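Notes for the one structure printed next.
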Amino acid sequence: MRLLLVEDDDLLADSLSEVLEDEGYRVDVAALVREAKALMASEEYNLVILDLGLPDGSGLDLLGCWRREGHALPILALTARDSWEDKVSGLRRGADDYLTKPYHEAELLARLHALLRRGSNAVESILRLNGIALDEATKQVCGIDDRWHTLTATEFCLLRYLMRHPGRVHSKIRLLDQLYTLEQDAAAPNLVEVYVGRLRRLLGKNVIQTRRGQGYVFPSH
Ligand code: CA
């Protein structure tokens with residue numbers, strides 16, 4: 001899941017994107033209206049977190065502009081002012097939800113998950129294959145024991161990648177590339193083994209198969 005965070009406060013943007021990346025989201029940050037416009041025009045996002053108070057223009061106008069252009073993705077608006085006028089005009093212009101600063105990160109995450117879940121109703125957000133169901137909004141997986149388990153961000157990214165590309169052999173290096181949460185660390189290929197091991201313990205040992213010397217495969221049947 002890829003998010004656009006529009007926030008001109010550097011400290012806030014850094015700490016929030018760190019929290020979101022820990023949750024397994026990929027985050028682009030824009031500090032200005034014009035940067036946000038350029039990113040939205042060139043990239044595909046699942047959700048936007050939009051601070052309404054920006055230095056080079058109005059977040060409300062930006063919101064209205066995106067909606068007129070037909071961008072239908074969920075937008076969570078942030079405002080420093082707890083004014084009902086802002087909320088009303090924001091919701092009129094197409095914000096899906098609101099959060100007033102200062103907010104608790106846990107609350108922001110809860111709202112964000114709710115929006116992603118709501119937004120993905122039209123497009124099935126649950127990947128199902130070989131008796132495994134993976135809920136992309138909540139990062140929960142349901143296996144043969146018929147119980148839902150919450151995955152860590154890295155486990156989730158790995159499993160989602162394998163389930164989206166079934167029947168193909170993926171080398172450890174390729175899989176590492178997909179686990180962007182590991183990019184910051186000097187990631188070693190054997191980390192992939194560790195995460196595959198954890199998923200097997202949770203879902204059964206045949207759910208991900210090893211091709212010796214080549215990599216891993218999530219069978220397509
Ligand atoms: Ca601001």
Side-chain angles (χ1 to χ4, degrees), residues 1-123 125 136-139 152-154 156-157 179-185:
M1 293 263 179
R2 209 160 161 202
L3 311 184
L4 175 60
L5 170 60
V6 188
E7 171 61 77
D8 60 303
D9 180 324
D10 288 352
L11 285 177
L12 213 59
D14 283 354
S15 91
L16 186 52
S17 46
E18 198 171 306
V19 168
L20 293 167
E21 279 163 5
D22 285 348
E23 286 284 309
Y25 298 107
R26 202 164 155 182
V27 184
D28 289 341
V29 179
L32 298 171
V33 168
R34 63 166 190 276
E35 289 171 2
K37 274 188 174 165
L39 282 169
M40 185 68 107
S42 64
E43 309 297 325
E44 287 283 328
Y45 294 105
N46 300 93
L47 180 141
V48 180
I49 300 171
L50 174 64
D51 178 28
L52 295 183
L54 294 166
D56 65 331
S58 152
L60 279 175
D61 290 347
L62 178 60
L63 179 57
C65 167
W66 279 339
R67 290 308 190 212
R68 281 194 304 281
E69 286 173 3
H71 295 287
L73 76 179
I75 298 180
L76 174 60
L78 300 178
T79 176
R81 292 160 293 176
D82 190 12
S83 91
W84 64 268
E85 290 95 339
D86 260 8
K87 292 188 183 175
V88 169
S89 47
L91 292 169
R92 272 207 192 116
R93 289 190 202 200
D96 295 279
D97 202 356
Y98 248 98
L99 215 50
T100 304
K101 293 180 183 175
Y103 50 81
H104 289 286
E105 279 165 354
E107 186 179 8
L108 184 136
L109 288 175
R111 304 269 187 110
L112 188 137
H113 290 155
L115 285 177
L116 287 171
R117 193 184 256 293
R118 209 203 293 168
S120 58
N121 279 349
V123 185
S125 76
E136 300 193 82
T138 62
K139 298 210 287 277
T152 67
T154 307
F156 170 74
C157 291
L179 305 179
Y180 42 82
T181 50
L182 291 175
E183 272 173 11
Q184 294 91 338
D185 308 331

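The structure presented is a predicted model; accordingly, all values stated were derived computationally and were not measured. As the structure lists them, so they are numbered: ligands from 1, and atoms in each ligand from 1.
- The environment of CD in E43 is crowded: more than 12 heavy-atom neighbours from other residues, nucleotides or ligands sit within 6.0 Å.
- A donor-acceptor pair shorter than 3.5 Å can be found between the side chains of D28 and Y45.
- Side-chain atoms of D96 never come within 3.5 Å of backbone atoms of L76 as a donor-acceptor pair (strictly under, hydrogens ignored).
- Inclusion of D8 in the first shell of the Ca ion (ligand 1) is supported: an N, O or S atom falls under 3.0 Å.
- The Ca ion (ligand 1) sits nearest to atom OD2 when only the N, O or S atoms of D51 are considered.
- Side-chain atoms of D8 do not come within 3.5 Å of backbone N or O of L54 as any donor-acceptor pair.
- When distances to the Ca ion (ligand 1) are checked against a cut-off of 3.0 Å, P55 contributes no N, O or S atom below that limit.
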